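Numbers restart at 1 for each chain; the letters A, B, ... are given by sequence-line order, proteins then strands. All values below were derived from every heavy atom in this structure, side-chain atoms included, with hydrogens, water molecules and symmetry-related copies excluded. Worth saying up front: this structure is predicted, and the values here are computed from it rather than measured.
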Amino acid sequence: MMMKNSFELIYDVVRRIPYGKVATYGQIAMLAGNPHWSRVVGYALHVNPDPEHIPCFRVVNRYGEPSSAFAFGGVNEQITLLQNEGVEFIDGRVDLSKYLWDGR
DNA sequence: CTGGTGACCGCTT
DNA sequence: AAAGCGGCCACCA
């Protein structure tokens with residue numbers, strides 16, 4: 001039986017993030033089906049079983065700023081990756097008005 | 001086995 | 001207008 005745990009639903013949503021766009025935890029949680037999973041989303045990415053297929057670096061908090069625990073090698077590195085995709089960082093924040101993934 | 005925490009968000013007062 | 005609290009899942013000791 002394919003019992004999709006909440007984590008798989010979250011991974012599925014994160015994997016849908018297109019190139020050059022960013023998504024927020026709340027957005028993913030809502031798309032996953034529960035607006036209160038925002039916390040679970042953070043934990044799901046924490047285990048991040050497939051970082052190569054799950055662009056956790058494209059996931060940012062509501063303020064458009066990368067999470068603190070991203071220091072797995074250098075938060076600066078994450079910002080560079082997004083910039084490399086065309087995402088413009090302003091004052092260490094992403095313009096969610098332009099780069100926030102609309103869920104499509 | 002139980003308790004507590006964590007990459008968060010939204011609502012209430 | 002601002003601040004504080006709760007809530008869901010899974011893993012750890």
Worksheet item: Between atom CG of A:Leu82 and atom CD1 of A:Ile79, what is the distance when rounded to the nearest 0.5 Å?
Response: 8.0 Å

Discussion item. With a 4.0 Å cutoff (strictly under), does any side-chain N or O of A:Arg62 reach OP1 or OP2 of B:dG10?
Written reply: yes

Item to complete: Please confirm whether any donor atom in the side chain of A:Ser6 sits under 3.5 Å from an acceptor in the base of C:dC9, or the reverse.
Response: no

Practice prompt. Flag the pair A:Lys98 and A:Glu88 as a salt bridge only when some basic side-chain nitrogen lies within less than 4.0 angstrom of an acidic carboxylate oxygen.
Written response: no

Worksheet item: Between B:dG6, C:dC8, B:dC8, which nucleotide has the shortest distance from any of its atoms to the side chain of A:Tyr43?
Response: B:dG6

Discussion item. Quick check: on DNA chain B, is the nucleotide nearest A:Val40 upstream (toward 5') of the one nearest A:Val60, or the reverse? Name the residue that is more 5'.
Written reply: A:Val40

Worksheet item: Choosing from C:dA10, C:dC9, B:dC8, which nucleotide comes nearest the side chain of A:Asn5?
Response: C:dA10

Fill in: Distance in Å, A:Ile28 CD1 paired with A:Tyr11 OH, rounded so as to fall on 0.5 Å steps
11.5 Å

Fill in: Rounded distance (Å) that lies between atom C1' of B:dG10 and atom OH of A:Tyr25
17 Å

Item to complete: Could you tell me whether A:Asn61 contacts a base, only the sugar-phosphate backbone, or nothing, with contacts defined as non-hydrogen atoms closer than 4.0 Å?
Response: sugar-phosphate

Worksheet entry | Point-to-point distance, once rounded to the nearest 0.5 Å, from OH of A:Tyr25 to OH of A:Tyr43 | 14.0 Å

Item to complete: Rounded off to whole Å, could you give me the CH2-to-P distance for the A:Trp37 and C:dC9 pair?
Response: 7 Å

Fill in: Interatomic distance where CD1 belongs to A:Ile10 and P belongs to C:dC11 [whole Å]
12 Å

Fill in: Length of the line joining A:Met30:CE and B:dC9:C1', which is rounded to integer Å
10 Å

Item to complete: Could you check if a side-chain atom of A:Val60 sits within less than 4.5 angstrom of a side-chain atom of A:Glu65, using non-hydrogen atoms only?
Response: no

Practice prompt. Starting at atom CG of A:Asn48, determine the distance to atom P of B:dG6, rounded to an integer number of angstrom.
Written response: 19 Å

Worksheet item: To the nearest angstrom, how far is A:Gln27 atom CD from B:dC9 atom P?
Response: 11 Å

Worksheet entry | Separation between the P atoms of C:dC11 and B:dC9, rounded to whole Å | 22 Å

Worksheet item: B:dG10 P sits how many Å from A:His36 NE2, rounded?
Response: 10 Å

Worksheet item: Within this structure, what is the CD-to-P distance between A:Glu8 and C:dA10, rounded to whole angstrom?
Response: 11 Å

